[in-house]
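Take a look at the structure set out below.
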Amino acid sequence: MKVLVVVGTRPEAIKMAPLVAALEARRDIFDTRLCVSGQHRDMMDSVIHLFGLTVHYDLNVMVHNQSVADITTKVLTGVSGVLEAESPDVVLIHGDTTTSFAAALAAHYHRAPVGHVEAGLRTHDKWHPFPEEMNRRLADALCDYHYAPTERARENLLAENIPPEQIVVTGNTAIDALLWAAKQPCSFDDPFLERAGADRRLILVTAHRRESFGAPFREMCSAMRDVVNHNDNVEVIYPMHPNPNVRKAACEILRGHERIRLVEPLGYLPFVQLQKKAYLILTDSGGIQEEAPSLGTPVLVMRDTTERPEAVDAGVSKLVGTKRADIAREVQQLLDKEADYNQMASAVNPFGDGHASERIAGHLADLAQNQRGIHA
Ligand code: UD1
Ligand code: UDP
């Protein structure tokens, strides 16, 4: 079975790496090709390098401050060329990025079957997150195999009339990657990062969502500054996304404070270590909502909706919106109220057991055997 895996951004590469490894471990069944769109460049390349992945096609689409329409058209055309060259038996995409949606569309135009890893996540609000909610809905509509990370994701797909036989509940491959990463040795060049969490309570921050550009970002950054100003025993580390719309507000509002460290995006291993060291995480990231529960670190999500309600239900994450006063109040509560904090820190990871990739590879292997049976 020839499998074409398409990834474009940092989180896709992290979450597809264990699956690529699982497919490559079964070379008797799978001939695996990896196409990177290059929607992200430096942030994704470091992950490709970390996991030792072999890239067969690189579309190199990224430009500074790119538009979603631009990514879509370039990936659609680029992946179409790869499909023509390779004629894969199945294409695998991940999650909700524009690379994933455009690759699924390209595969559909080429009548190639598509498997969606991390299928079925929904906020049910088409503008939040933007454009991810529509990317994943459109991708699911185009796909033939749906690898749902949780039972809730399966229910979302069934509610959209996806046939039950096309859905496999696998757990999230994020946990496969995380369990490996958490065991790897890792050191920091920057002494501030090395000592993080040792003398003060560390708040780890990330933010990059398009729907929050502008005023909401300023609110989030102002909330962080308020919290640090009110609490001498708190420090912030904020690896800033390279998107220029994010950096402007972050630098203007947060730069220059002795207990706030604005840094470049971190490698996956150091970032996982910081998630472990953190007292709490403030983020709008999707993937971090999945990882932090496994590391026992509470997450405050700076958004009004989430496609990962499992973490909220498990008690490990909480939606705090994008308003300065709301964010500052919720952080303060976790700093002051030990019982509330302990409850969040002891919740259990609802996203998987670290064997999601094996399940997906197993499903594809069954398909390959059936194909062989049909052609025999
Ligand atoms: C993208 C995805 C988002 C995902 C996120 C993960 C879309 C529309 N957005 O958002 O769903 O959650 O990745 O991080 O698919 N840049 C660099 N170097 C990099 C990466 C980005 O300089 O390695 C800068 C470039 O100026 C680029 C900009 O960031 O144009 C935005 O990148 P883009 O992929 O469009 O958006 P993200 O916010 O990263
Ligand atoms: N991550 C990383 N370095 C960082 C910040 C995040 O390696 O400086 C990892 C994080 O551990 C998670 C993924 O990137 O696996 C999340 O990516 P991001 O928040 O950019 O995207 P999302 O998950 O929101 O799509």
Inset, instruction - Could you verify whether a donor N or O on one side chain and an acceptor N or O on the other, from Thr297 and Gln275, lie under 3.5 Å apart? - result: no

Inset, instruction - Not counting sequence neighbours, which residues clear side-chain contact (heavy atoms from CB on, under 4.5 Å) with Leu269? List them please. - result: Leu50, Trp180, Ala181, Gln184, Cys186

Inset, instruction - State, with a plain yes or no, whether a side-chain heavy atom of His208 is found less than 4.5 Å away from one of Asn243. - result: no

Inset, instruction - Start with the C-alpha gap between Ser222 and Glu219, add the side-chain angles, then the distance that decides, and say whether side-chain hydrogen bond (donor to acceptor under 3.5 Å, both in side chains) holds. - result: CA-CA 5 Å; Ser222 302; Glu219 291 270 312; over 6 Å; no

Inset, instruction - Mind checking side-chain hydrogen bond (donor to acceptor under 3.5 Å, both in side chains) for Glu160 and listing every partner two or more places apart, or none if nothing turns up? - result: Arg122

Legend entry - Derivation of the side-chain hydrogen bond (donor to acceptor under 3.5 Å, both in side chains) call for Asn231 and Gln332: CA-CA 9 Å; Asn231 299 276; Gln332 199 62 49; 2.9 Å; yes

Legend entry - Ring centres under 6.0 angstrom apart (Tyr145, His116): no

Path from [X] to [Y] over hydrophobic side-chain contacts below 4.5 Å:
{"X": "Ile93", "Y": "Ile48", "answer": "no"}
{"X": "Phe271", "Y": "Ile237", "answer": "yes"}
{"X": "Val36", "Y": "Ile14", "answer": "yes"}

Inset, instruction - Check the pair Glu132 / Thr97 against side-chain hydrogen bond (donor to acceptor under 3.5 Å, both in side chains), numbers first and verdict last. - result: CA-CA 6 Å; Glu132 290 81 8; Thr97 68; over 6 Å; no

Inset, instruction - Step through the shown structure and confirm whether more than 12 heavy atoms of other residues, nucleotides or ligands are within 6.0 Å of CD on Glu165. - result: yes

